[in-house]
Amino acid sequence: MPYLHQIDPIALDLGTWNLPLLGSVHPQVHWYGVMYLLGFLVAWWLGRRRVRAGRLPGVDEQGFGDLMFYGMLGVVLGGRLGYILFYDFPAFAAAPLSIFKVWEGGMSFHGGLLGVLVAVAWWARKHRLHFFDVVDFVAPLVPAGLGFGRLGNWIGGELWGKPTQGTAFDGWGVVFPRALPQPFASMDAATLKAQFDAGLLDAFARHPSQLYQASLEGVAMFAALVWYSRRPRPRYAVSGLFALLYGSFRFLVEFVREPDAQLGYLAFGWVTMGQVLSTPLILLGLFWLWKSRTSPTLMPSLSPAPSGHPLPPGERGKHGA
């Protein structure tokens, strides 16, 4: 049986406040923001464990805190800029100030990834560490944020999948009120529930692609990368596995995910922007895994230098099994 999505995206409503200069404001905490916070907290927890285990030799928890801060900036700024450039540039060109309206949604994983890589490159240079040693360290921390972020999309009832009617999934799926045509789209929650109970909305059931992505990009990738990186691996290997898994999972889910309305399909009636952006990740993942076969392995060191300063290059790690 289909499921009617009627989840309140507001986690906490703080009421209306009358503030000097600002006037009347109505602050609200959205579940999407809570999910982002949970993703960062899990990444922080796992990263600290790995730092304490010496998995990033020469860096202490203070240095890791700096890395997390820059990474957070990279996610937010890169994600927003990536969405504007990849998915909605005409709207930005018509109203450039819309780039600051992050509360209206619009974040791109691929843009966020580029933002994180820029932040990592800057931090690694500052600490005189090899860029890919840091990327290999960071890669297992990312899937938690991806998984929670997709749960935020699910709670918000956005980025839904394609209709299931007339497919092998006919008779199953989720009815997203924001995806309904008129007159259903303008009905209140109680009226819509009555329509659903009468079976009048079954034809509008869709794939819950947000949950598919949360399971693959979040749970499956988290388990695979944490397991794979539990012992030292050659440089590029963990990064390569991350890129390969994410690119493959995203490419596959795009077959049942509704493309962005302003873009539609880019070619052949099925190629989406998500698939175009994920293909280079698949190729890079395969290349980095191949390159890792002849690359050195950064061995753990339990003697980080004080105050986040790196150890001399010759003491950071050696070739290992």
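Residues: numbered from 1 along the sequence shown.
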*Asks:* If every non-hydrogen atom of Gly274 is compared with every non-hydrogen atom of Arg250, which pair is closest and at what distance?
*Replies:*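 Answer, listing the atom of Gly274 first, then Arg250: CA-NH2, 4.0 Å.
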
*Asks:* Hey, is the main chain of Trp227 close enough, under 3.5 Å, to the side chain of Arg230 for a donor-acceptor pair?
*Replies:*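 Judged by distance alone, yes, a pair lies under 3.5 Å.
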
*Asks:* With a 4.0 Å cut-off, would you call Arg235 and Asp133 a salt bridge?
*Replies:*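 Salt bridge present between Arg235 and Asp133.
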
*Asks:* Of all the heavy-atom pairs spanning Arg50 and Ser229, show the shortest one and how long it is.
*Replies:*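 Closest heavy-atom pair between Arg50 and Ser229: NH1-OG, 3.3 Å.
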
*Asks:* Do Arg206's NZ or CZ and the ring of Phe176 fall within the cation-pi criteria of under 6.0 Å and 45°?
*Replies:*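 No, Arg206 does not sit over the ring of Phe176.
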
*Asks:* Would you list the atom pairs, donor with acceptor, under 3.5 Å between side chains in residues 138-153 and any protein atom, with sequence neighbours excluded?
*Replies:*
residue	atom	partner	partner atom	Å
Arg150	NE	Glu217	OE1	3.3
Arg150	NH1	Asn153	OD1	3.1
Asn153	ND2	Glu158	OE2	2.7

*Asks:* May I ask you to decide if Phe251's main-chain N or O and Glu254's side chain share a donor-acceptor pair within less than 3.5 Å?
*Replies:*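 Here the side-chain-to-backbone pair does not exist.
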
*Asks:* Decide if the gap between the ring center of His5 and the ring center of Trp154 is smaller than 6.0 angstrom.
*Replies:*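 Yes.
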
*Asks:* With a 6.0 Å cut-off on ring centres, are Tyr236 and Phe287 close enough?
*Replies:*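 Centroid separation for Tyr236 and Phe287: 6.0 Å or greater.
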
*Asks:* Considering residues, nucleotides and ligands other than Phe255, do more than 12 of their heavy atoms fall under 6.0 Å from its CZ?
*Replies:*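 Enclosed.
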
*Asks:* Are there more than 12 heavy atoms of other residues, nucleotides or ligands under 6.0 Å from atom CZ of Phe169?
*Replies:*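 Counting other residues, nucleotides and ligands, CZ of Phe169 stays at 12 neighbours or fewer.
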
*Asks:* Which residues pass the side chain to side chain contact (heavy atoms under 4.5 Å, CB included) test with Leu117, not counting sequence neighbours?
*Replies:*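 Partners of Leu117 by the side chain to side chain contact (heavy atoms under 4.5 Å, CB included) criterion, ordered by chain and then number, come out as Leu113, Phe131, Val135.
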
*Asks:* Determine, for Glu258 against Lys162, whether the closest basic-nitrogen to carboxylate-oxygen distance falls under 4.0 angstrom.
*Replies:*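 Not counted as a salt bridge, because no side-chain N and carboxylate O are separated by less than 4.0 Å.
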
*Asks:* Are Arg257 and Gln210 linked by a side-chain donor-acceptor pair shorter than 3.5 Å?
*Replies:*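 No donor-acceptor contact under 3.5 Å links the two side chains.
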
*Asks:* Would you confirm whether Thr272, through its side chain, and Gln275, through its main-chain N or O, come within 3.5 Å as a donor-acceptor pair?
*Replies:*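 Yes, the answer is positive, given that a donor and an acceptor are paired below the 3.5 Å cut-off.
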
*Asks:* Which residue pairs pass the side chain to side chain donor-acceptor pair (under 3.5 Å) test when at least one of the two sits in residues 167-184, sequence neighbours left out?
*Replies:*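 Applying side chain to side chain donor-acceptor pair (under 3.5 Å) to every pair that reaches into residues 167-184, excluding sequence neighbours, yields Gln182-Ser186.
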
*Asks:* Leu4, Leu200: one ILVMFWY side-chain cluster at the under-4.5 Å cut-off?
*Replies:*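 Hydrophobic grouping puts Leu4 apart from Leu200.
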
*Asks:* Might you confirm whether atom CZ of Arg125 has over 12 heavy atoms from other residues, nucleotides or ligands at distances under 6.0 Å?
*Replies:*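 Atom CZ in Arg125 is not packed in, count stays at 12 or less.
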
